[in-house]
Structures are given as C-alpha cells and as structure tokens.
Colleague: 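Here it is: the structure, laid out below.
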Amino acid sequence: MTKEEVLQRMKELAEQIEEHNYRYYALDQPVISDYAFDKFLEELQSLEKQHPELVLPNSPTQRVGGAVTKVFATIKHQHPMLSLSNTYSMDELHDFDRRVKELLDIPQNEKIEYVCELKIDGLSISLIYENGLLSKAITRGDGVQGDDVTTNAKTIRSIPLKLKGNFLSRMEVRGEIFMPVKVFEKINQEREEVGDIPFANPRNAASGTMKMQDSAEVAKRKLDAFLYYLLAENLPFKTHWECLHHLKEWGFKVNENTAICCGIEEVKEYINRWEEKRWHLPYETDGVVVKVNASQYQKTLGSTAKSPRWAVAYKYQPEQALTQLKNISYQVGRTGVITPVANLDPVFLAGTKVKRASLHNADIIEKLNLHEHDYVMVEKGGEIIPKIVGIDTSKRTDHSKKVVFITHCPECGTLLMRNEDEAAYYCPNEFTCKPQIIGKIVHFVSRKAMDIQSLGEETIELLYHAKLIKDIADLYELKEEPLIPLERMGEKSAGNIMRGIQESKQRSFERILFGLGIRHVGETLAKKIARYAKSIDHLESMSIEEMIQIEDVGEIIAQSIQDYFSKEQNIRMIQRLKQHGLKLEIEQNTYPSDKLKNLTIVISGTFTKWSRDELKDTIEQHGGKVTSSISKKTSYLLTGEAPGPEKIKKAKELGIKIINEDEWIKLI
Ligand code: IVH
C-alpha cells in the first residue's frame with residue numbers, strides 16, 4: 001500500500017470504529033459483533049504500529065489508554081462551571097416556578113415549559129471540541145479552574161473523539177461522568193478480595209478513577225458519561241430540548257429519560273414517577289434537574305454568582321425504612337478485625353430487599369444505643385450497603401437488653417483487643433484463629449498476589465479441614481496423593497493445584513511481599529517497599545526511621561511491618577518459603593548491565609509482552625532512566641500499541657528515535 005492508501009484505510013477504519021462505538025455505547029444498539037469490532041480495531045492498531053507517523057489525531061485506538069499523566073495541569077474554564085441550587089420539597093419547587101415567572105414578567109397562571117432530566121450522581125466534566133475534535137476535557141475543580149483530564153476522558157467510549165454531522169466549529173459540552181453500578185460492584189469486590197479499601201459509592205469511584213495517572217487503568221474501569229449542556233458563541237438553537245437533540249446527532253450520549261414538562265405540575269409528576277423507578281437504572285441518580293426550556297428565557301434569567309436562575313435541582317430524600325433487628329453477627333477478617341453486621345427482618349428499600357446493614361464498629365453500636373430486637377430505621381444513601389440511622393424507641397419493650405459488643409472472638413474464643421485510637425476490635429490469635437488463617441492463604445493466592453487460579457477459597461477451606469495446610473508455606477509442602485481422595489477433587493484437579501503452586505514460585509518479590517498480607521501494605525505500596533528494600537532480609541533488618549524514607553510509608557505502616565517481623569512464626573514461615581525457592585529478593589542480578597547508561601527513555605502505548613512497570617524496571621536495571629514527557633534530552637521513544645500521537649509528533653519534531661517492541665528487544 002502507498003502512504004496515501006494507508007492513510008485512507010486508517011481514516012475509513014477510524015470512522016467505522018467510532019460509528020460502532022457510538023451505536024454500542026451511546027445508543028445501546030450495536031449492529032456488529034464484538035468480534036467484528038475487534039477486527040477493525042486490530043487492523044487500525046497494526047497500521048498505526050507500522051506507520052506511527054500517520055496516526056490520526058484522536059484516533060480511536062487511544063481509547064485503550066496507555067499515556068501516563070504525572071501531574072494534571074490546571075486549566076481555567078472559559079465560562080465558570082456553576083452548580084445548581086437544591087430544593088428538597090414540592091413547596092420549594094413551586095417557589096422556583098413563581099420566581100421564574102416573576103423575573104420573566106409572565107402571569108402566574110400561565111405555564112412555563114421545563115425540561116426535566118435525571119440528576120446523575122457522578123462528576124461534572126467540560127469537553128471542548130474544536131473543528132469536531134475533542135481537544136480538552138476539564139474537571140469542574142472549584143468552578144473557576146479544573147484539572148486537564150483529557151487523556152483519561154478519551155478512554156470513555158461514550159465520549160466522542162470526533163463529532164458527526166453539522167457540528168459547530170468551537171463548542172463546549174458539559175455533562176456527568178459516572179461509573180455504572182455493575183462496574184462499581186465488580187471493582188469493589190475485587191478490591192475487597194485483595195484487602196484494598198472499597199469505594200464508598202459509585203461517585204467516589206468515578207472521581208477516584210479520573211484522577212488516576214495511568215490512562216490504561218482508567219480504560220479498564222469502564223466509566224460512562226451523559227452530556228446535558230451546550231455552550232457556544234451565538235447558539236442557533238431556540239430551546240434546551242433542541243440543544244439536546246443536536247448533541248445526540250453529533251454523537252453524544254444524552255439521557256433517554258429526559259422529558260418536556262408543561263408547567264410545574266407536570267414537573268412534579270415526573271419527579272414522582274422517578275422516585276422509585278430510578279433504583280432500577282444501571283446508574284445512580286440523586287434527584288431531578290429542572291431547566292427552563294426556552295433559550296431566550298434562560299438568557300433573560302441569567303445566573304447568580306453561584307448558580308443559574310433558570311434551573312434547579314430537586315433532590316430526593318434518601319430512602320428509609322423501618323424494620324426489626326433480628327440479631328447481630330460478627331465477622332472475623334483476615335487481619336483479625338471484627339465487623340459487626342445487623343441481621344434484619346427483610347424489608348424493601350430503594351427497590352431491593354434488605355436483610356443486612358453494616359454497623360462498622362463498636363462505637364457506632366454504642367452511639368446508637370442499640371437494644372436487642374429494636375425497630376431500626378435503615379437508610380440507603382449514596383452507599384450500596386444500607387446503614388442504620390436511627391431507632392424507634394417507642395417500639396422497644398421494657399425488658400429488652402442493650403446490645404453489648406462481644407468480648408471474645410466468635411471463632412476461636414480469644415479475648416478481643418483494641419488499639420488506642422482505633423475503632424475496631426480484633427482477635428489477636430492470628431496464627432490459630434480459623435478465618436484468619438484461611439483469609440491469609442486466600443489473600444496469598446489471589447490474582448494480584450501469587451495468582452494461583454487453581455486454588456479458590458472453597459478449596460483452601462477443604463485443605464485446611466483436611467489438616468493439609470495451616471499457613472502459606474504449607475502450600476509448597478503439599479503432596480499430590482493426599483489431595484486426590486478429597487471431596488470434589490480427583491486426579492485432574494489435584495494435578496492443577498500442584499502445577500499452579502509450582503508455577504507460583506516464579507512470582508516476583510513484589511507480589512510475594514503483597515501476598516504476605518502485612519497490615520496496611522497494599523499492592524502498590526508492596527512494590528515501592530520491595531524496590532527500596534531489595535530483599536526480605538534487608539526489609540527485616542530496617543529500622544522504623546529507615547522505613548519511613550520509602551515513599552508513602554509513614555510511621556503506622558513502618559510499625560506494622562516491624563510488628564510482622566517481630567513474630568517468630570512469621571520469620572520461620574519466611575525461612576520455609578526461601579527453602580522452597582520463592583523469590584524473596586528483587587530480581588536485579590539476573591541481567592544487570594549498563595547498556596542503557598545515560599539514556600533517557602519515554603514509554604508510550606500498550607505492550608503485549610510486558611507491563612509498564614516491568615518495562616520501567618528493566619530500563620532501570622540496565623542503567624537507563626524513564627521519564628514521562630519528551631524533551632531534547634530524550635534518547636528513545638519506546639512505543640507499544642496505540643502510542644500517544646502527541647508524543648510521536650513531538651519526538652519527530654525533536655528528531656528523537658522511535659523504537660517498537662522488537663527493536664527494543666534487540667537493544668537490550
Ligand atoms: S445542569 C449550569 N443537568 O449536578 C447548569 N447538572 O449541583 C449545569 N448534574 O455540577 C448543571 N446531572 O455535576 C445538570 N442533568 C443534569 C445533571 C447535572 C447531574 C450535576 C452537575 C452539576 C451538579 C449541580
């Protein structure tokens with residue numbers, strides 16, 4: 001193919017991909033299979049790899065992410081991003097309607113046309129389009145200036161990178177980025193599995209995600225966006241409704257539950273209609289936004305310093321229900337922390353049947369002054385798990401007893417302890433309390449630690465009950481024969497387990513350190529600690545003062561690490577892991593060289609053979625340095641699939657050598 005032909009094909013592919021993206025993500029009406037879609041994407045990726053100089057601006061391959069933003073630049077909004085004034089009652093809503101008519105000089109008995117939209121619970125975003133191309137995505141920030149999150153926003157498939165049809169040459173489109181409830185639940189489940197703190201609600205999850213530095217990670221989080229507001233010079237549209245219509249035509253995802261309401265009574269009907277129905281939507285909403293439809297009226301009404309006078313948000317009261325407390329169960333986590341859970345008489349709340357509510361810790365039970373069999377008010381706010389917010393004491397009988405937090409572990413009977421300044425009680429019997437033992441092994445084999453997929457929680461319990469394992473080192477001393485006769489096992493499964501365990505010996509020191517389950521040492525921190533300490537022996541010998549030199553390690557974490565190594569059982573277990581050949585030091589000495597000495601390398605795109613962290617490690621092990629942006633000092637731009645076109649452009653301008661994965665292998 002000639003260069004022109006390649007370019008032509010790239011354009012065709014980009015257009016096709018974006019069209020199918022739009023049909024799939026904005027309209028929810030796909031017309032081709034996922035397989036066919038992937039084929040288009042692969043073809044474009046491969047052409048871009050062969051001809052990095054031809055990569056189109058805003059190519060849809062950027063949706064997989066890859067570019068890393070170290071610090072988000074601050075950008076001033078061209079028009080401040082106002083918020084809405086809130087109303088909580090129908091009376092306040094009537095006040096709003098009355099005020100609008102007064103200001104517009106319209107008789108009170110006439111009806112105003114409003115547009116009602118669901119208030120999406122996410123984070124607001126401003127998108128700037130120039131000549132139909134997405135040029136900037138900026139968070140609300142303080143309303144005057146926000147963060148440049150363009151790279152991350154580009155991974156959101158419902159945000160068009162290139163507009164269709166008769167768009168305006170320069171415009172700003174505002175809307176809400178959110179995390180679908182299903183995605184939120186899945187991410188939280190994964191976080192809990194590895195001992196990370198789960199997100200409190202989808203909104204926090206969405207805003208946390210948009211602040212991530214690695215856009216490839218953002219892409220995996222599957223955020224979504226509804227757009228609801230258009231700003232441009234001399235807008236040719238007479239109503240807000242018309243604006244929404246055009247937004248949709250240009251390729252934006254506009255919420256389909258938007259309606260025109262004639263007069264405030266119809267607005268009230270809309271609000272009532274969605275009060276319960278909203279809980280069946282795949283995203284969270286916390287109210288209804290009511291907007292004056294006519295553009296001319298909006299202009300006349302204008303804004304105060306804080307919010308427009310032509311719109312108001314009606315916020316739904318958090319849903320509450322009264323039900324009876326049956327009993328409290330106490331769960332023991334892998335670190336021994338005791339979590340009280342209220343078991344309730346099932347009750348319908350926000351569209352789902354609620355049977356349990358979290359009680360968090362002893363202080364909360366005390367503060368509520370909870371008694372046995374109390375009638376409690378449960379509320380579902382932004383959180384998925386409902387909480388108890390109050391008690392109807394009028395329903396309490398005279399002889400009902402106050403709930404007293406347990407004093408001994410419900411699993412092993414050990415006296416519970418509580419650290420100063422901590423709300424949680426914990427069972428100190430970490431080496432013989434069953435849920436702690438099993439929890440630790442489950443954590444050790446989890447995906448982000450040793451990734452032994454043939455060992456799930458059930459199997460671990462089975463092996464524990466058969467007295468075959470009682471700590472993680474026992475895994476490496478397992479024999480195949482005793483496994484075979486176990487329930488639901490057999491030769492094949494036993495073989496898989498043995499193989500999985502053997503293979504796990506290849507895992508890096510970083511993963512093992514995370515897998516040990518030291519309190520407060522999560523996945524990211526384990527990497528930093530491993531790279532600093534270089535070996536488990538050195539880490540063990542480090543003082544608190546030395547440990548706090550490590551990025552993100554404070555005194556509490558340092559103390560927790562030291563506590564871990566102060567226990568003889570842990571030291572003995574680590575010795576056994578060592579004997580079984582696990583990598584308890586950074587693999588630096590396997591291929592050290594100074595081949596990349598004095599070289600500065602920028603990485604862009606996604607790689608098939610390595611993760612970014614691995615690439616970075618390798619470069620550093622060979623004496624090179626990795627930086628995030630290209631300058632005159634850059635020696636190479638190392639590109640994977642779908643590298644950032646800006647980076648390619650800059651590298652070319654500065655005459656910096658661009659190398660791909662294969663050339664990279666040759667280099668080292
Ligand atoms: S209109 C100038 N419409 O609610 C008016 N806002 O408290 C701009 N929001 O910051 C806002 N859904 O983040 C509008 N359909 C919707 C909305 C919506 C959610 C958020 C938005 C805004 C906040 C106002």
Side-chain angles (χ1 to χ4, degrees), residues 68-72 147 187-188 190-200 204-205 207-214 217 333-339 360-364 416-428 430 436 439-440 443-444 446 448-449 508-571 573-574 584-586 612-613 616-617 620 626 628:
V68 172
T69 316
K70 275 269 174 284
V71 185
F72 296 103
D147 287 341
I187 288 176
N188 261 3
E190 284 169 7
R191 286 174 83 88
E192 281 184 66
E193 270 166 20
V194 300
D196 283 350
I197 300 165
F199 289 114
N204 285 4
S207 69
T209 302
M210 283 307 281
K211 286 189 199 125
M212 291 171 87
Q213 295 184 337
D214 186 351
E217 285 301 311
R334 87 175 141 85
T335 55
V337 168
I338 311 288
T339 311
H360 301 289
N361 57 51
D363 289 350
I364 289 182
L416 299 181
M417 314 238 290
R418 188 176 193 171
N419 286 333
E420 243 180 89
D421 308 328
E422 275 184 33
Y425 276 97
Y426 69 94
C427 165
E430 60 179 304
Q436 295 191 61
K440 284 196 185 81
H443 171 73
F444 183 74
S446 68
K448 290 186 176 175
S508 63
F509 174 41
E510 287 99 318
R511 278 175 175 258
I512 299 174
L513 186 58
F514 170 57
L516 292 180
I518 302 175
R519 227 175 147 199
H520 306 303
V521 179
E523 190 199 0
T524 317
L525 200 56
K527 278 188 194 156
K528 290 182 182 169
I529 296 171
R531 285 176 201 163
Y532 186 98
K534 303 236 165 19
S535 73
I536 199 111
D537 292 340
H538 182 220
L539 181 63
E540 188 193 326
S541 70
M542 274 163 78
S543 66
I544 300 261
E545 290 70 37
E546 205 182 338
M547 280 191 225
I548 57 179
Q549 301 304 314
I550 308 173
E551 193 186 340
D552 291 343
V553 174
E555 261 175 49
I556 293 180
I557 297 170
Q559 189 60 56
S560 156
I561 300 172
Q562 206 163 59
D563 284 352
Y564 183 88
F565 288 112
S566 70
K567 289 174 187 146
E568 210 195 300
Q569 291 97 323
N570 289 334
I571 300 291
M573 193 193 64
I574 288 169
L584 289 163
E585 54 187 31
I586 286 274
R612 262 164 180 274
D613 284 341
K616 189 164 175 272
D617 282 351
E620 285 166 359
V626 179
S628 57

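Note that the numbering runs from 1 along the sequence shown for the chain. From a predicted model like this one, the values you see are computed outputs, not experimental measurements. Computed from heavy atoms alone, side chains included, the values below leave out hydrogens, waters and symmetry copies.
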Colleague: Drop me the distance from Leu513's CG to Tyr564's OH, to the nearest 0.5 angstrom.
Modeller: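 It comes to 9.0 Å.
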
Colleague: I need the minimum non-hydrogen distance between Gly515 and Ala449, along with the two atoms involved.
Modeller: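 For Gly515 and Ala449, the tightest heavy-atom pair comes out as CA-CB, 3.7 Å.
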
Colleague: If every non-hydrogen atom of Phe509 is compared with every non-hydrogen atom of Ser535, which pair is closest and at what distance?
Modeller: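 Residues Phe509 and Ser535, closest heavy atoms: CZ-C, 3.6 Å.
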
Colleague: Please name all residues satisfying salt bridge (Lys or Arg N to Asp or Glu O under 4.0 Å) with Lys528, sequence neighbours left out, ordered by chain then number.
Modeller: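 Lys528: salt bridge (Lys or Arg N to Asp or Glu O under 4.0 Å) contacts with Glu551, Asp552.
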
Colleague: When rounded to the nearest 0.5 angstrom, what is the spacing between CG in Leu539 and CD1 in Ile574?
Modeller: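 Reported value, rounded in 0.5 Å steps: 8.5 Å.
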
Colleague: When rounded to the nearest 0.5 angstrom, what distance separates CZ in Phe565 from CG in Asp537?
Modeller: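 Between Phe565 CZ and Asp537 CG, I get 9.0 Å after rounding to 0.5 Å.
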
Colleague: Verify, without hydrogens or angle tests, whether Asn204 (side chain) and Phe199 (backbone) share a donor-acceptor contact under 3.5 angstrom.
Modeller: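 Pair absent, no side-chain N/O of Asn204 close to backbone of Phe199.
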
Colleague: Ignoring hydrogens and angles, tell me if any N or O in the side chain of Asn361 forms a donor-acceptor pair with the backbone of Ala424 under 3.5 Å.
Modeller: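 Side chain of Asn361 to backbone of Ala424: no pair is present.
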
Colleague: Side chains of Asp563 and Ile518: closer than 4.5 Å at any heavy-atom pair?
Modeller: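 No. Closest side-chain heavy atoms not under 4.5 Å.
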
Colleague: What's the separation between atom CD1 in Ile586 and atom NE2 in His538, rounded to the nearest 0.5 Å?
Modeller: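 With rounding to 0.5 Å, CD1 (Ile586) is 12.5 Å from NE2 (His538).
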
Colleague: Quick check: do Met542 and Ile561 have side-chain heavy atoms less than 4.5 Å from each other?
Modeller: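 In short, these two side chains do not touch, never coming nearer than 4.5 Å.
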
Colleague: Which atom pair, heavy atoms only, marks the closest approach of Ala423 to Arg418?
Modeller: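 What the structure gives for the nearest pair is O-NH2, 3.2 Å.
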
Colleague: Show your reasoning for whether side chain to side chain contact (heavy atoms under 4.5 Å, CB included) applies to Phe514 and His443.
Modeller: CA-CA 9 Å; Phe514 170 57; His443 171 73; 3.5 Å; yes

Colleague: Check the pair Glu540, Asn570 against side chain to side chain contact (heavy atoms under 4.5 Å, CB included), reporting the backbone distance first and the verdict last.
Modeller: CA-CA 11 Å; Glu540 188 193 326; Asn570 289 334; over 6 Å; no

Colleague: Would you indicate whether Lys567, at its atom NZ, is surrounded by more than 12 heavy atoms from other residues, nucleotides or ligands within a distance under 6.0 Å?
Modeller: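 Result for NZ/Lys567: enclosed.
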
Colleague: Working to the nearest 0.5 Å, report the span between OH of Tyr532 and CD of Glu546.
Modeller: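 One finds 5.5 Å between OH of Tyr532 and CD of Glu546.
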
Colleague: Please determine whether side chain to side chain contact (heavy atoms under 4.5 Å, CB included) holds for the pair Gln562 and Ile544, giving the CA-CA distance in whole Å, both sets of side-chain angles, and the decisive distance to 0.1 Å.
Modeller: CA-CA 7 Å; Gln562 206 163 59; Ile544 300 261; 3.3 Å; yes

Colleague: Using the test side chain to side chain donor-acceptor pair (under 3.5 Å), find all partners of Lys527 that sit at least two apart in sequence or belong to another chain.
Modeller: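 Applying side chain to side chain donor-acceptor pair (under 3.5 Å) to Lys527 gives Asp613.
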
Colleague: Shortest non-hydrogen contact from Ser560 to His520?
Modeller: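 That would be CB-CD2, 4.0 Å.
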
Colleague: Quick one: does Thr209's side chain get under 4.5 Å of Ile187's, heavy atoms only?
Modeller: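 Side chain of Thr209 against side chain of Ile187, heavy atoms only: no contact under 4.5 Å found.
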
Colleague: Inspect the surroundings of CD in Glu555 and state if more than 12 heavy atoms from other residues, nucleotides or ligands are less than 6.0 Å away.
Modeller: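 No, the 6.0 Å shell around CD holds no more than 12 heavy atoms from other groups.
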
Colleague: Can you name the nearest heavy-atom pair linking Leu525 to Val521, along with the distance?
Modeller: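 What the structure gives for the nearest pair is CD2-CA, 4.3 Å.
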
Colleague: Please report the shortest heavy-atom distance between Lys616 and Val626, naming the atom on each side.
Modeller: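 Here Lys616 and Val626 meet closest at CG-CG2, 3.8 Å.
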
Colleague: Any side-chain to backbone donor/acceptor pair from Thr335 onto Arg519? Under 3.5 Å, distance only.
Modeller: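 Side chain of Thr335 to backbone of Arg519: no pair is present.
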
Colleague: How would you list, by chain and number, every residue that makes a ring-ring contact (aromatic ring centres under 6.0 Å, His included) with Phe72, sequence neighbours excluded?
Modeller: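 Listed in chain order: nothing, the list is empty.
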
Colleague: Would you say Gln213 and Lys70 make side-chain contact, with heavy atoms under 4.5 Å?
Modeller: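 Of all side-chain heavy-atom pairs linking Lys70 with Gln213, at least one is under 4.5 Å.
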
Colleague: Quick one: OG1 on Thr69 to CG on Asp147, what's the gap to the nearest 0.5 Å?
Modeller: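 Between atom OG1 of Thr69 and atom CG of Asp147 there are 10.0 Å.
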
Colleague: Is it true that a side-chain atom of Gln569 and a backbone atom of Glu430 form a donor plus acceptor pair closer than 3.5 Å?
Modeller: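 Side chain of Gln569 to backbone of Glu430, a donor-acceptor pair under 3.5 Å: no, none is there.
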
Colleague: May I ask you to test the Ile557-Met547 pair for a side-chain heavy-atom distance under 4.5 Å?
Modeller: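 No, every pair of side-chain atoms sits at 4.5 Å or beyond.
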
Colleague: Go through the steps to decide whether Ile536 and Ile512 satisfy the test side chain to side chain contact (heavy atoms under 4.5 Å, CB included), and finish with yes or no.
Modeller: CA-CA 10 Å; Ile536 199 111; Ile512 299 174; over 6 Å; no

